[in-house]
Amino acid sequence: GGFEQVKPFFRVFRVRWPYCLRRCSYCNFNKYIPRENNDPMMTECLQRETETLLQLSQVSCITSVFFGGGTPSLAHPSTIAAVLESVSRRAYLSDKAEVTLEVNPTPVGKSKLEDYCRAGVNRFSIGVQSLQDGDLKILGRDHSPHQALQTVEEARRLCPGRVSVDVMFGRPKQSAESWENELSELLRVCDDHVSLYQLTLERGTQLFKQVLGGEVTMPAEDVTAEMYQCARRTLHQHGFLQYEVSNFARHKAVSHHNTSYWKGRQYIGVGPGAHGRFVPRGEGGVVREARTQTLEPDVWIREVQQRGHGTRRRIQLSHLELLEEVLVMGMRMSKGINHKHWELFSPQLGLHEVFGTSNDIQELLQSGQLILDDRGLRCSWDGLALLDSILPALLVMLERQISQRLQRDHHADGQTKRISNPQ
Amino acid sequence: STLLYTTPLHLTGKYCTFYSTTFDTIDLSKFPVDRIRNFCIIAHIDHGKSTLADRLLEMTGAIATTDKNKQVLDKLQVERERGITVKAQTATLIYSHQGQQYLLNLIDTPGHVDFSYEVSRSISACQGVLLIVDANQGIQAQTVANFYLAFEAQLAIIPVINKIDLKNADPERVETQIEKVFDIPREECIRISAKLGTNVDKVLQAVVDRIPAPMASTDDPFKALVFDSNFDHYRGVVANIAVFGGRVKKGDRIVSAYLGKTYEVNELGLLRPHEHPTQKLFAGQVGYIIAGMKDVKEAQIGDTLYLQEQPVEALPGFKPAKAMVFAGMYPMDQSEYQGLRSAIERLTLNDSSVTVQRDSSMALGAGWRLGFLGLLHMEVFNQRLEQEYNASVIVTAPTVPYKAVLSSPKLIKEHGSEEITIVNPAQFPDRSVVSEYLEPMVLGTILSPDTYTGKIMTLCLNRRGIQKNMVYIDDQRVMMKYLFPLNEIVVDFYDLLKSLSSGYASFDYENAGYQAADLIKMNILLNGQPVEELITIVHRGRAYSTGKAMCERLKDSIPRQMFEVAVQASIGSKVIARETIKAYRKNVLAKCYGGDITRKMKLLKKQAEGKKKMRRIGNVEVPKDAFINVLKRKDK
């Protein structure tokens with residue numbers, strides 16, 4: 001099983017606020033448009049579940065909290081304060097802990113930033129998405145570029161050096177040129193952190209239907225590839241280091257919370273549809289579990305009220321599954337996975353042993369997309385853009401090595417037994 | 001899409017409840033040869049063959065007269081859908097004419113020239129044919145093909161113009177066509193409506209008056225032609241025979257001239273159309289015989305049967321079935337291999353003309369290379385596999401049997417003959433050891449309104465067709481004859497012809513031997529590595545277009561890789577076509593935080609699983625279905 005050797009005392013904590021005011025045209029996330037104001041009830045349940053899970057994980061120290069969505073900036077600042085209070089009640093939450101809130105850059109969102117800070121938030125992640133008014137409308141966003149810029153400005157005033165902006169490329173009708181201009185404009189106002197991602201067409205969304213119906217055209221693969229390279233170049237020129245596939249920071253303003261995911265650390269997720277990965281030591285567990293909270297907010301609330309928890313699914317991760325997650329997440333970082341990091345999870349089988357012998361991987365190493373050296377395993381600059389194509393080869397190899405190892409151990413066990421018991 | 005078919009004669013099990021009781025009391029020896037007529041009905045698809053047969057059966061009392069005798073009730077699904085006869089059926093009718101009782105044997109023929117050998121055998125059991133032409137549509141390609149089969153067999157031909165009840169019927173015009181194309185006086189045409197029964201009695205009279213009685217004598221030694229056979233799980237092979245001389249009875253010991261094997265007659269009788277056992281069969285009569293044959297290959301169509309103690313000379317014209325179109329068949333999944341094998345075995349039980357060879361391909365796994373009489377034969381076989389045996393099959397693009405005349409004495413000795421047939425392209429001998437390659441040819445007949453002539457000629461020219469003649473059969477319709485390499489028409493020729501003529505052109509073909517051809521072996525390369533399963537034999541003049549099409553299809557089926565992939569068609573060391581699959585520059589960029597892991601892992605695991613199943617050609621990963629997409633027949 002995925003027995004974890006090291007007892008981590010530090011966990012990160014994610015709170016999911018499931019509600020949105022409206023549905024963006026590209027979004028197929030599980031989120032809900034609230035029918036009535038049940039914030040007080042939601043707050044109470046988030047608090048209760050927070051305490052339940054902290055108790056279960058037996059964690060002593062929380063190093064970061066992230067309020068994500070849905071649209072958490074719809075929550076009242078007192079909700080944020082209440083949840084943080086619950087965290088503090090069950091674990092040590094240092095003043096230095098990173099507390100991030102995702103913000104929708106509307107005037108209402110902006111007006112609440114100060115109160116959020118008072119409630120304990122010390123980092124904002126702002127969903128700017130685009131600085132083109134028309135694009136924001138197509139995407140179904142409820143803010144204007146101007147409002148977004150004002151929100152960023154206010155957030156920077158409140159939390160200087162701790163504001164991130166989310167931007168999206170590959171939008172309908174977008175050209176590489178317009179993207180370059182937009183990026184320059186963004187760089188004039190943004191703080192020290194940028195999250196970059198590509199608009200993906202998801203089945204079942206309004207945008208998907210529009211594209212299918214020919215009302216909207218999406219830029220071609222070659223164009224989006226150009227956009228990505230352009231963004232990486234431009235951001236680099238402005239002092240931003242790409243520390244992960246879609247995240248860039250300068251002045252070391254990385255997201256500690258998200259870095260924890262990529263480093264394969266344990267985390268607790270609270271709220272409808274939230275995911276967690278932790279060892280439930282509170283009930284004597286020794287194996288990491290993948291946990292999911294109930295999806296529908298109303299049901300989740302009822303469950304927390306009636307049963308005291310809203311966990312819907314818990315699956316024990318096998319040793320292989322744990323390593324797979326560590327690999328997939330770790331390779332997203334430009335620094336990749338260093339030997340020490342890997343050893344934490346795989347003390348017996350080092351990176352060289354797992355990946356050093358395969359022809360497939362040798363080809364990737366030779367073509368310069370992958371690097372395996374004294375530091376560890378990581379993608380090159382070019383390779384990082386192709387990570388999803390590289391990972392299947394790594395996963396195939398990992399599985400093969402682990403299962404061989406298991407067979408060897410099994411075989412060795414059998415022999416030992418025979419020797420010790422000649423009859 | 002389909003090729004052309006004649007309308008089937010749908011004689012079904014339903015008739016069995018109706019057969020005339022008078023028969024039981026009739027002594028077949030009372031029907032001398034001069035009161036027997038053997039005939040068949042030939043027609044283009046939907047021109048009314050089955051409806052006429054129904055009427056004939058009703059009028060002679062073989063089945064009850066109801067308005068519900070409408071072809072098909074319980075035939076094979078493929079026959080109903082395609083309007084073709086897969087298995088021919090035979091019916092004996094009793095007809096009273098001018099105070100005399102006649103035995104009329106209606107011998108149905110399979111409805112397509114793919115089965116022209118069978119048709120010619122069926123025809124050789126007859127002395128006359130009813131040639132049906134639709135009064136509205138006029139002569140079609142298959143009418144012509146069928147006419148020539150009957151004409152060459154020197155049968156009496158009775159032209160019947162059907163569907164005169166239709167609003168747009170123009171029997172005058174059809175008579176003109178018949179006069180012009182077949183050189184039959186218009187006065188000989190009988191205008192009928194099989195649907196309404198109009199003038200059908202005249203058809204029966206004409207059968208008696210115009211078709212000669214069979215030349216056979218009961219005094220001769222027993223001699224019979226096998227013109228069809230079926231397999232029955234309980235009784236073994238049921239052979240349909242036409243008695244050319246003498247008599248045969250239960251208990252007789254008979255011999256197959258082809259195999260030299262002896263059998264004892266267990267059962268024999270008439271087909272009414274259901275089996276109706278009798279004591280004996282006499283010269284001139286047509287019926288069935290069951291004699292302990294275990295395999296349809298023991299009752300091959302065209303074979304001669306005789307009595308063990310009275311050997312006779314075999315009837316002329318017998319030849320074992322010869323496959324003209326080959327295709328690989330593979331189970332969709334190798335776990336379905338056994339199931340598919342037994343399905344193929346069961347189907348071939350009833351069809352001795354399908355040849356089966358085990359084959360295997362690196363891309364498709366273990367399977368078979370099956371040989372068919374023609375394209376339609378192949379389509380019908382596939383369809384039956386799918387519909388009747390629920391087998392999902394990958395069918396590769398059809399190929400034709402090429403031949404090579406060997407020049408090296410060593411090779412000739414090895415193969416035991418100078419001329420070899422090449423079924424699998426991987427076995428194509430090198431030019432240096434061959435004095436000449438040969439390809440199978442067909443003579444195609446196309447009938448079409450003349451407005452499409454230009455387009456059709458262009459199509460034929462592109463398919464290396466050589467025009468043999470072109471005749472106006474009336475003031476608007478043209479008949480063209482082209483000599484084609486079979487290979488050029490096996491895949492999509494008929495579809496193209498139909499679409500460029502808005503469905504008005506009809507096409508049929510007959511085999512026309514072999515011709516020398518400039519054939520070459522074409523390789524498909526992925527980043528310089530040849531792909532064995534895509535080796536193709538092609539005419540030099542068509543190498544570029546074939547190669548280009550294959551490269552294009554392959555390009556569309558191979559996902560982008562992390563490096564550029566060259567897809568090339570080559571002849572020897574010379575590349576003749578190339579497509580490039582551009583390198584993948586980046587994946588879709590998405591965030592991946594805590595909540596996204598599960599979904600992400602699922603997707604990646606699936607890709608990792610898929611990766612294990614990829615076929616590797618050099619460094620290129622090819623999904624299994626990529627070759628299938630290139631090899632299999634295009635979806636219609």
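Naming convention: chains lettered A, B, ... in sequence-line order (proteins, then strands); numbering from 1 in each chain.
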Side chain to side chain contact (heavy atoms under 4.5 Å, CB included) between Gln174(A) and Met168(A): does it pass, once the steps are laid out? CA-CA 11 Å; Gln174(A) 192 182 25; Met168(A) 189 194 269; over 6 Å; no
Check: [X]/[Y] side-chain N/O donor and acceptor closer than 3.5 Å:
{"X": "Asp333(B)", "Y": "Ser335(B)", "answer": "yes"}
{"X": "Glu336(B)", "Y": "Tyr330(B)", "answer": "no"}
{"X": "Gln266(A)", "Y": "Arg288(A)", "answer": "no"}

By side chain to side chain contact (heavy atoms under 4.5 Å, CB included), Arg358(B) pairs with (sequence neighbours left out) Tyr337(B), Trp368(B)
Does any backbone or side-chain atom of [X] lie under 4.5 Å from a heavy atom of chain B? Answer side chain, backbone, both or neither.
{"X": "Phe66(A)", "result": "neither"}
{"X": "Asn359(A)", "result": "neither"}
{"X": "Glu324(A)", "result": "both"}
{"X": "Asp222(A)", "result": "both"}
{"X": "Glu399(A)", "result": "side chain"}
{"X": "Val328(A)", "result": "side chain"}
{"X": "Thr292(A)", "result": "neither"}

What part of [X] gets within 4.5 angstrom of chain A, counting heavy atoms only: side chain, backbone, both, or neither?
{"X": "Lys606(B)", "result": "neither"}
{"X": "Lys591(B)", "result": "both"}
{"X": "Gln561(B)", "result": "neither"}

Looking at His275(A) versus Tyr261(A), is the centre-to-centre ring distance below 6.0 Å? no
For chain B, find which of [options] contributes the most heavy-atom pairs closer than 4.5 angstrom.
{"options": "Ile390(A), Asp388(A), Leu364(A)", "result": "Asp388(A)"}
{"options": "Asp360(A), Asp166(A), Leu391(A)", "result": "Asp360(A)"}
{"options": "Met329(A), His257(A), Arg14(A)", "result": "Met329(A)"}

Answer yes or no: does atom CZ of Phe208(A) have more than 12 heavy-atom neighbours from other residues, nucleotides or ligands under 6.0 Å? yes
Could you tell me whether Lys611(B) atom NZ has more than 12 heavy atoms of other residues or ligands within 6.0 Å of it? yes
Out of Arg616(B), Lys582(B), Glu609(B), which one racks up the most heavy-atom pairs below 4.5 Å with chain A? Arg616(B)
Could you have a look at Gly595(B), Gly594(B), Ala590(B), Ala608(B) and say which one has the most heavy-atom pairs with chain A under 4.5 angstrom? Gly594(B)
Which residues in residues 562-573 of chain B have a heavy atom less than 4.5 Å from any heavy atom of chain A? Met562(B)
Which heavy atom of Ala176(A) sits nearest to which heavy atom of Glu226(A), and what is that distance? CB-CG, 4.0 Å
Taking Gln198(A) for its side chain and Leu589(B) for its backbone only, find out whether a donor-acceptor pair lies under 3.5 Å. yes
Glu221(A)/Lys586(B) salt bridge by N-O under 4.0 Å criterion: no
Interatomic distance, Ser57(A) atom OG to Phe13(A) atom CZ [nearest 0.5 angstrom]: 8.5 Å
Kindly indicate whether the side chain of Ile535(B), heavy atoms from C-beta on, has any atom under 4.5 Å from the side chain of Asn523(B). yes
